[in-house]
Q: 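Okay, here's the structure, questions in a sec.
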Amino acid sequence: MSSQKNQRELKVGILGATGTVGQRFIVLLSSHPYFKIHALGASARSAGQAYVKATKWKQSTPVPEFVREMVVKECKSSEFQGCDIVFSGLDHDVAGPIEKEFAEAELAVFSNAKNYRRDPLVPLVVPLVNPSHFDILPNQRSHPSNSSLFTKSLNKGCIVANANCSTTGIVVPLKALEDAFGPLDKIIVNTMQAISGAGYPGVSSMDILDNVVPYIGGEEEKIEWETSKILGGFTDSDKTAFDLHSQSPMKISASCNRVPVLDGHTEVVSCSFKKQPPPTPEQCIEVLRKYTCEAQDLGCPSAPKEVIHVHDEQDRPQPRLDRYYQNGAGVNVGRVRECPVLDIKFVVLSNNVSIGAATSSIMNAEIAVAKGFV
Ligand code: NAP
């Protein structure tokens, strides 16, 4: 096991620092052992103002003292000189060109936006699941002629994406089950997603109070194809492209709902295995409880001590009680039982703003540092 205890300090910037994910970055990074906040960026509306004036702070702890008076910058790499890494919580309608400009200026970009997730040279990494996908980065940096991603070869610059918040929750237990019992065959997932997942101010209170909205634009497609990329591997030994689980295609069907919960996505999952007879619920519970990940082995400071907490109580996990489990870095599972239609069914709860967004980006950056990619 390696340790990051003596890691030198690295200066980091936050793009979209005033938003929901940006605020969570600030909370988490303000006490990080070696990532030090050096620059904050947002839209032209916020640029030039002290951070505390530019943001509508919605976190339960105050704005960290050293951040309050930092002047928000425009999202241009020239404003982020001295930074090694930027974390992006930018809206997808602006993230594409901004993140590319930062990468081409030789910064390592860790993005929450959807823009580059499908790119064949961009690793889509849930840090508790597939850090091996960082191995694409040498190709990403060295083959501009083979892709539309960059206009030149890069040295230190890169783009690493983390997954959609609802995909992140389910792939963790699915990976644990695949590792132990072989490929999955079919997956059906129904989500009950928190309103913070839509950013601030998000869904109007008139639409969400006393209500469930059975549609979140683009979300079902994201779960269906992102799960395939994350649980897939590489197509060749040179690690030049991702295999979208095509060696053993699995069928995934997702139905997404917005519910009146502030933070924490709850998802009910049924799945079946290629290999029959399937494992029993007790075997699945044992495997989920024992699941460990590479971020732990690498000594990443943001890695949870326990990746998956399996609840014994029949009525858990619940968002209000369990969303801050391990500072929002782990995943909660409950009600693991036989499914009369597929093989096994269970409930997952994950913190959409933490492991579903900012914590994933930060842990991905820690892994990239530990593996020498940054
Ligand atoms: P948000 O609360 O709406 O924040 C958006 C941020 O983008 C703000 O800082 C905003 O700055 C900035 N921005 C908007 N237009 C800009 C421009 N033209 N130039 C530079 N900055 C601009 O959104 P969010 O929920 O934090 O989501 C951020 C990203 O993370 C999105 O791509 C989202 O899909 C993804 N994501 C969100 C979650 C979640 O749970 N919320 C989970 C996973 C992924 P101003 O304040 O100056 O407008």
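Because only heavy atoms are used, hydrogens play no part in the values below, and waters and symmetry mates are left out as well, while side chains stay in. These numbers were taken from a predicted model, which means no experiment stands behind them. Atoms within each ligand, like the ligands themselves, are counted from 1 in listed order.
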Q: Considering both backbone and side-chain atoms of A357, is one of its nitrogen or oxygen atoms within less than 3.5 Å of a nitrogen or oxygen in ligand 1?
A: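 No, no N or O pair falls under 3.5 Å.
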
Q: Using a strict cut-off of 4.0 Å, indicate which atoms of ligand 1 neighbour a heavy atom of A113.
A: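 Checking each atom against A113, I get 32 (O).
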
Q: Just jot down the side chain to side chain donor-acceptor pair (under 3.5 Å) partners of T266, sequence neighbours excluded, or say none.
A: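 Partners of T266 under the side chain to side chain donor-acceptor pair (under 3.5 Å) test: none.
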
Q: Using a strict cut-off of less than 4.0 Å between a Lys/Arg side-chain nitrogen and an Asp/Glu carboxylate oxygen, indicate whether D185 and K251 qualify as a salt bridge.
A: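 Judged by the 4.0 Å cut-off on N to carboxylate O distance, D185 and K251 do not form a salt bridge.
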
Q: Under 4.0 Å from a heavy atom of Y200: which atoms of ligand 1 are those, numbered in the order shown and with their elements?
A: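 Checking each atom against Y200, I get 2 (O), 3 (O).
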
Q: Considering N352, V21, L90, which one's heavy-atom position lies nearest to atom 31 (C) of ligand 1?
A: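 When every heavy atom of N352, V21, L90 is considered, L90 comes closest to atom 31 (C) of ligand 1.
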
Q: Counting N and O atoms only, with roles assigned by atom type, does the side chain of R117 sit under 3.5 Å from a partner on the main chain of N112, one being a donor and the other an acceptor?
A: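 Yes.
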
Q: I'd like to check whether V94 has a polar contact with ligand 1, where a contact means an N/O of the residue lying under 3.5 Å from an N/O of the ligand.
A: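 No, since none of the N or O atoms of V94 sits under 3.5 Å from an N or O of ligand 1.
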
Q: Identify the protein heavy atom lying closest to atom 2 (O) of ligand 1, giving its residue, its atom name and the separation to 0.1 Å.
A: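 Protein heavy atom with the smallest distance to atom 2 (O) of ligand 1: T20 N, 2.9 Å.
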
Q: Hey, are D312 and R289 close enough for a salt bridge, meaning a charged N less than 4.0 Å from a carboxylate O?
A: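 Here D312 pairs with R289 in a salt bridge, since their nearest N and O are under 4.0 Å apart.
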
Q: Give me the ring orientation class for F273 and F181: parallel if the planes are under 30° apart, tilted from 30 to 60°, perpendicular past 60°.
A: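 It falls in the perpendicular class, over 60°.
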
Q: If you compare all heavy atoms of E294 against all heavy atoms of S132, which two are closest, and at what distance to 0.1 Å?
A: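 For E294 versus S132, the nearest heavy atoms are OE1-N, 4.3 Å.
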
Q: Which of the atoms in ligand 1, numbered in the order shown and given with their element, are less than 4.0 Å from a heavy-atom of G356?
A: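 The atoms of ligand 1 under 4.0 Å from a heavy atom of G356 are 42 (C), 43 (C).
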
Q: Give the atom numbers and elements of ligand 1 that come within less than 4.0 Å of a heavy atom of G89.
A: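 Near G89, meaning under 4.0 Å from one of its heavy atoms, ligand 1 has 5 (C), 6 (C), 7 (O), 28 (C), 29 (C).
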
Q: Considering non-hydrogen atoms of the protein only, which is the closest contact for atom 47 (O) of ligand 1, and what is the distance?
A: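 That would be S46 OG, 2.4 Å.
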
Q: Mark up the atoms of ligand 1 that fall under 4.0 Å of a heavy atom belonging to H92, in ascending order.
A: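 The list of qualifying atoms is 32 (O).
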
Q: One residue to check: D91. Relative to ligand 1, which of side chain, backbone, both or neither has a non-hydrogen atom less than 4.0 Å away?
A: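 Both of them.
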
Q: With atom 21 (N) of ligand 1 as the reference point, say which of G22, S88, S43 has the nearest heavy atom.
A: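 Selected option, by shortest heavy-atom distance: S43.
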
Q: Return a yes/no value: protein heavy atom under 4.0 Å from atom 34 (O) of ligand 1?
A: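 It does not; no protein heavy atom is within 4.0 Å.
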
Q: From the options C75, A194, A44, G199, select the one whose nearest heavy atom is closest to atom 25 (O) of ligand 1.
A: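 The nearest heavy atom belongs to G199.
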
Q: Any carboxylate oxygen within less than 4.0 angstrom of a Lys/Arg side-chain nitrogen, looking at E286 and K290?
A: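 A salt bridge is present here (some side-chain N lies under 4.0 Å from a carboxylate O).
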
Q: Do any N/O atoms on T18 end up under 3.5 angstrom from N/O atoms on ligand 1?
A: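 The answer is yes, given that T18 and ligand 1 share an N or O pair closer than 3.5 Å.
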
Q: Give yes or no for whether the N/O distance cutoff of 3.5 Å, strictly under, is met between R45 and ligand 1.
A: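 R45 vs ligand 1: N/O contact under 3.5 Å present.
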
Q: Measure from the ring center of F80 to the ring center of H38 and say whether it is less than 6.0 Å.
A: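 That pair fails the under 6.0 Å test.
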
Q: Give the single entry among N112, L40, T168 that approaches atom 36 (N) of ligand 1 most closely by any heavy atom.
A: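 Result: the heavy atom closest to atom 36 (N) of ligand 1 is in N112.
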
Q: What atoms of ligand 1 come closer than 4.0 angstrom to any heavy atom of S196?
A: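 Going through ligand 1 atom by atom, the ones under 4.0 Å from S196 are 39 (C), 40 (O), 41 (N).
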
Q: Please tabulate, for side-chain N and O atoms in residues 81-91, each donor-acceptor pair with protein atoms closer than 3.5 Å (sequence neighbours left out).
A:
| unit_1 | atom_1 | unit_2 | atom_2 | d |
| --- | --- | --- | --- | --- |
| D84 | OD2 | K11 | N | 3.2 |
| S88 | OG | L90 | N | 3.4 |
| S88 | OG | E99 | OE2 | 2.6 |

Q: So how far is it from I344 CD1 to C284 SG, rounded to the nearest 0.5 Å?
A: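 Output value for this atom pair is 4.0 Å.
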
Q: Within a distance under 4.0 Å of any heavy atom of A42, pick out the atoms of ligand 1 and give their elements.
A: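 Answer, ordered by atom number: 11 (O), 20 (C), 21 (N), 47 (O).
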
Q: Look at the aromatic rings of H32 and Y34 and report parallel, tilted or perpendicular, splitting at 30° and 60°.
A: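 Perpendicular.
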
Q: Looking only at protein heavy atoms, which one is nearest to atom 4 (O) of ligand 1, and how far off is it?
A: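 Minimum-distance protein heavy atom for atom 4 (O) of ligand 1 reads G19 CA, 3.3 Å.
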
Q: Taking atom types as modelled, is there a side-chain donor on S350 or N332 under 3.5 Å from an acceptor on the other?
A: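 Note: S350 and N332 side chains miss the donor-acceptor criterion.
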
